[in-house]
Q: 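The structure that follows is given in the form of structure tokens.
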There are 4 protein chains.
Amino acid sequence: MLSQQKQPKALNIGRPRSPKIDRKVLAAAAKLVLSDGFGTLTMDAIAAEAGVGRMTLYRRWPNKAAIVMDAFVARVDPNTLFPSDGDYLETIRLQMRTMAKAFRGEDGVLIRALLGAAQLDPDLAAALRNRWTMPRRKMAAEYFREGMRQGYLRPDADPDALIDLLYAPIYYRLQMGTGPLSNAYVDAIFDHAMKGFRNDH
Amino acid sequence: MLSQQKQPKALNIGRPRSPKIDRKVLAAAAKLVLSDGFGTLTMDAIAAEAGVGRMTLYRRWPNKAAIVMDAFVARVDPNTLFPSDGDYLETIRLQMRTMAKAFRGEDGVLIRALLGAAQLDPDLAAALRNRWTMPRRKMAAEYFREGMRQGYLRPDADPDALIDLLYAPIYYRLQMGTGPLSNAYVDAIFDHAMKGFRNDH
Amino acid sequence: MLSQQKQPKALNIGRPRSPKIDRKVLAAAAKLVLSDGFGTLTMDAIAAEAGVGRMTLYRRWPNKAAIVMDAFVARVDPNTLFPSDGDYLETIRLQMRTMAKAFRGEDGVLIRALLGAAQLDPDLAAALRNRWTMPRRKMAAEYFREGMRQGYLRPDADPDALIDLLYAPIYYRLQMGTGPLSNAYVDAIFDHAMKGFRNDH
Amino acid sequence: MLSQQKQPKALNIGRPRSPKIDRKVLAAAAKLVLSDGFGTLTMDAIAAEAGVGRMTLYRRWPNKAAIVMDAFVARVDPNTLFPSDGDYLETIRLQMRTMAKAFRGEDGVLIRALLGAAQLDPDLAAALRNRWTMPRRKMAAEYFREGMRQGYLRPDADPDALIDLLYAPIYYRLQMGTGPLSNAYVDAIFDHAMKGFRNDH
DNA sequence: CACTAAGCGAGACGGTACGTCCCGTCTTTCC
DNA sequence: GGAAAGACGGGACGTACCGTCTCGCTTAGTG
């Protein structure tokens with residue numbers, strides 16, 4: 001959690017920093033990033049768009065990246081990554097396509113902004129890791145371990161290495177722009193990772 | 001090339017914007033980024049550190065990211081990626097280790113800064129792609145195509161996909177901080193990519 | 001009266017805005033002005049010093065100057081200016097000395113602050129005039145008229161002009177800082193005003 | 001001088017902080033004070049009205065009062081106070097009337113603002129004393145000493161006391177608002193000060 | 001070999017965003 | 001039901017950099 005905690009003195013659950021304001025601010029931040037980009041995003045602009053005083057922003061978040069972080073997480077939070085039915089391996093491919101599709105759209109804009117800002121801000125990097133990356137890695141690792149147990153994947157595989165093999169290229173292409181994040185690209189990554197690149201004859 | 005061209009009015013090749021100043025500026029920029037980080041880097045600070053007027057900076061580069069870009073490229077420019085002798089596949093692993101080692105050091109700091117800034121600046125992104133990423137991809141693709149021809153790699157492989165499988169995880173871990181960029185990690189990526197993760201019995 | 005009236009909804013005379021709180025607030029305001037000056041005085045600081053909510057201040061006074069006004073008047077309110085015994089003219093001199101002495105101390109600090117603030121705030125200026133200046137002028141005018149009747153002062157004098165001749169220089173020196181508000185200064189003013197400055201041979 | 005000095009390193013007389021900007025700023029400040037009052041005057045507003053960056057203001061003046069101080073002095077600087085011809089004593093009366101007239105107009109607004117601000121700012125108070133009050137006192141004292149030498153004024157008079165007797169009431173009435181700054185008032189002060197208020201029979 | 005035009009350091013300028021402080025209002029909680 | 005506590009929208013503050021500009025000074029290449 002990157003939004004500032006400002007612990008109430010007791011278990012003062014009754015007035016926990018009105019979530020109505022949070023919603024207004026996060027919506028405003030998302031809207032502005034998507035329309036004008038993160039580079040020109042301004043605390044003043046967020047406050048104005050949200051109809052909120054600037055002090056309210058500083059009271060709740062340390063900087064604009066933290067706001068965008070929260071806005072991003074609020075968009076994508078609750079979804080199951082790997083549907084439990086269907087062919088095991090194809091489910092992975094479909095999940096990768098789903099992610100690539102999201103990255104082609106608004107989510108891609110937001111996560112590029114966050115990845116960029118995180119390179120300059122260790123706190124933001126930690127938040128991105130804890131709130132976005134690691135939860136997804138955990139779910140994927142679990143799915144992969146299950147696949148190893150059931151014989152779909154090599155029993156000697158390292159789940160973390162598999163995750164990196166499959167997903168790092170998607171982030172890479174998102175940031176480097178070496179080509180489109182198409183289904184064909186996702187399939188190429190997936191297929192090569194399955195078969196390996198060594199020639200066994 | 002991201003540094004501004006500012007075409008001299010004639011073919012004034014004899015005095016092409018004193019390279020002594022360039023050197024001072026790039027050294028100053030590198031020093032400041034490595035000591036204080038890219039976030040607090042300032043045109044004023046670079047100018048002061050280099051003992052140079054601010055106008056001189058703006059005459060030659062459009063912004064601080066372009067300076068850091070040049071400083072970075074000047075550091076790492078001239079090196080062969082894949083030594084031509086030795087075991088074919090092991091050469092790939094060694095190259096990956098070399099890159100990971102560089103990323104663990106000062107080069108990692110610089111490229112993280114550049115990758116971050118490039119998410120906000122399309123010009124910088126293009127420069128990074130053209131001056132850093134693509135040349136290396138081209139050399140790697142050539143090496144991989146040679147390996148396919150000689151039977152070390154699957155003949156039906158896509159060199160671009162192979163590049164992404166092998167190198168994207170290194171960038172990913174550099175940025176995400178999901179773990180150390182150790183030789184063990186590089187080896188895990190390399191080995192999994194060679195064998196593939198599908199269980200063939 | 002500059003403190004807000006805020007008519008209680010009925011003739012709630014019995015509990016007229018607890019004077020205990022008033023006392024705490026006025027004492028806090030006086031203390032803060034005397035220690036840190038009027039310029040840095042803050043509603044928050046007064047409230048904190050008095051152990052009182054900020055709303056309580058705004059419910060009772062329109063601004064900090066009004067509080068200081070009340071604090072000042074509460075200090076100096078009830079005193080007879082011209083003791084009725086003693087030599088008529090010397091009583092005037094003594095009164096002037098008494099006032100100068102007060103102005104050399106804490107009262108001088110407060111009235112300088114109020115005079116300054118009153119230049120920017122017509123309401124405060126009116127309050128200062130009505131609660132401080134005019135009552136004293138009335139008493140002085142009465143004393144001077146009595147002196148004219150009894151032959152101590154020129155029968156054709158204008159009491160208001162006499163007041164200004166004698167007291168304006170004290171305010172002037174308080175504000176301008178052209179010299180100390182000493183007894184010697186008071187005596188010089190008094191003596192010159194008595195004799196006039198024209199040379200009659 | 002309250003405007004910041006920022007001495008150029010050598011006798012760099014050629015570029016001494018462009019007086020064109022000074023003029024624009026002082027004109028803007030005077031206009032704003034006279035139209036909206038000193039209380040609502042803002043650095044931003046001055047900068048906008050003058051078409052100048054805010055940093056330029058802070059580079060040259062420590063605060064808005066210093067700007068108004070300069071603007072005021074620039075208006076009234078060069079004038080002889082006591083014309084050398086005419087009846088000696090009547091010249092004093094005329095000078096007082098002239099001053100009162102100025103105080104009834106825009107100069108009165110400005111000097112009230114400055115007097116008010118000077119109560120909170122010792123630097124401004126010193127500047128007002130050195131640049132406005134003392135020069136005028138010096139000229140008046142000289143005139144009065146000449147009058148004493150020539151027998152128009154009591155030879156045993158204290159010029160400083162005379163100045164205070166005559167001019168303090170004008171400042172007093174300007175600030176206290178106890179009545180209009182009319183010629184009649186000036187005459188009353190002058191006449192009483194000449195004759196003295198003691199009854200000589 | 002002097003002259004002149006350029007490139008340079010220095011730093012002021014008009015501007016924008018920052019993060020802080022205080023205002024005066026409001027809402028919540030406690031007594 | 002009034003008071004403390006303090007969050008809120010608003011706005012000015014003074015600072016930090018931005019990118020542009022104008023100064024003299026240095027210096028290199030030409031006449």
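What you are looking at is a predicted structure, and each value in this text was computed from that prediction instead of being measured. Numbers restart at 1 for each chain; the letters A, B, ... are given by sequence-line order, proteins then strands.
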Q: Closer than 3.5 angstrom, by distance alone: can the side chain of D:Thr42 be matched with the main-chain N or O of D:Asp44 as a donor-acceptor pair?
A: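 Pair absent, no side-chain N/O of D:Thr42 close to backbone of D:Asp44.
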Q: Starting at atom CE of B:Met55, determine the distance to atom C1' of F:dC21, rounded to an integer number of angstrom.
A: 8 Å
Q: What is the distance from CZ of A:Arg59 to C1' of E:dC21, rounded to the nearest Å?
A: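 Nearest whole value for this atom pair: 12 Å.
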Q: Between B:Lys64 and D:Asp44, which residue's closest nucleotide on DNA chain F lies nearer the 5′ terminus?
A: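 Residue closer to the 5' terminus by nearest nucleotide: D:Asp44.
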Q: Rounded to the nearest Å, what distance is computed from the CD1 atom of residue C:Ile46 to the C1' atom of nucleotide E:dC22?
A: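 Rounded to the whole Å, the gap is 12 Å.
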Q: Grab the CG-P distance between C:Leu57 and F:dG2 for me, whole Å please.
A: 17 Å
Q: Closest-nucleotide mapping onto DNA chain F: is B:Leu41 or D:Ala45 further toward the 5' terminus? I mean the 5' end.
A: D:Ala45
Q: Of all the nucleotides listed (F:dA4, F:dC17, E:dC13), which has the minimum atom distance to the side chain of C:Lys24?
A: F:dA4
Q: Quick one, D:Asp22 and D:Trp61 - any side-chain contact, counting heavy atoms below 4.5 Å?
A: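 Sidechains of D:Trp61 and D:Asp22: in contact.
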Q: What's C:Met43 touching, base or sugar-phosphate or nothing? Going by heavy atoms closer than 4.0 Å.
A: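 It contacts sugar-phosphate atoms only.
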Q: Is there a donor and acceptor pair closer than 3.5 Å between the side chain of D:Arg54 and the base of F:dG14?
A: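 Result: at least one qualifying N/O pair found.
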Q: Please tell me which of the listed nucleotides, F:dA7, E:dA12, E:dC18, lies nearest to the side chain of A:Thr42?
A: E:dC18
Q: Find the distance D:Asn63:CG to E:dC21:C1' and express it as a whole number of Å.
A: 17 Å
Q: From the list E:dG14, E:dC22, F:dC21, which nucleotide is the closest neighbour of the side chain of D:Thr56?
A: E:dG14
Q: Rounded to the nearest angstrom, tell me the gap between atom CD in D:Glu49 and atom C1' in E:dG14.
A: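 Checked: the CD to C1' distance equals 16 Å.
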Q: Donor-acceptor check, side chain of C:Asp121 to backbone of C:Ala117, threshold 3.5 angstrom: yes or no?
A: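 Such a contact is absent between C:Asp121 side chain and C:Ala117 backbone.
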Q: Return the nearest nucleotide to the side chain of C:Ile21; candidates are F:dA3, F:dA7, E:dC8.
A: F:dA3
Q: Taking the minimum atom-to-atom distance to the side chain of D:Tyr58, which one of F:dG9, F:dT15, F:dA3 wins?
A: F:dT15
Q: Report the distance from atom CD1 of B:Ile67 to atom C1' of F:dG19, rounded to the nearest whole Å.
A: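 Roughly 13 Å, once rounded to whole Å.
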Q: Between A:Asn130 (side chain) and A:Ala126 (backbone), is there a donor-acceptor pair under 3.5 Å?
A: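 Side chain of A:Asn130 to backbone of A:Ala126: a pair is present.
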Q: Any sub-3.5 Å donor-acceptor pair from C:Lys24's side-chain atoms to C:Val52's backbone N or O?
A: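 No; judged by distance alone, with no hydrogens or angles, the pair does not exist.
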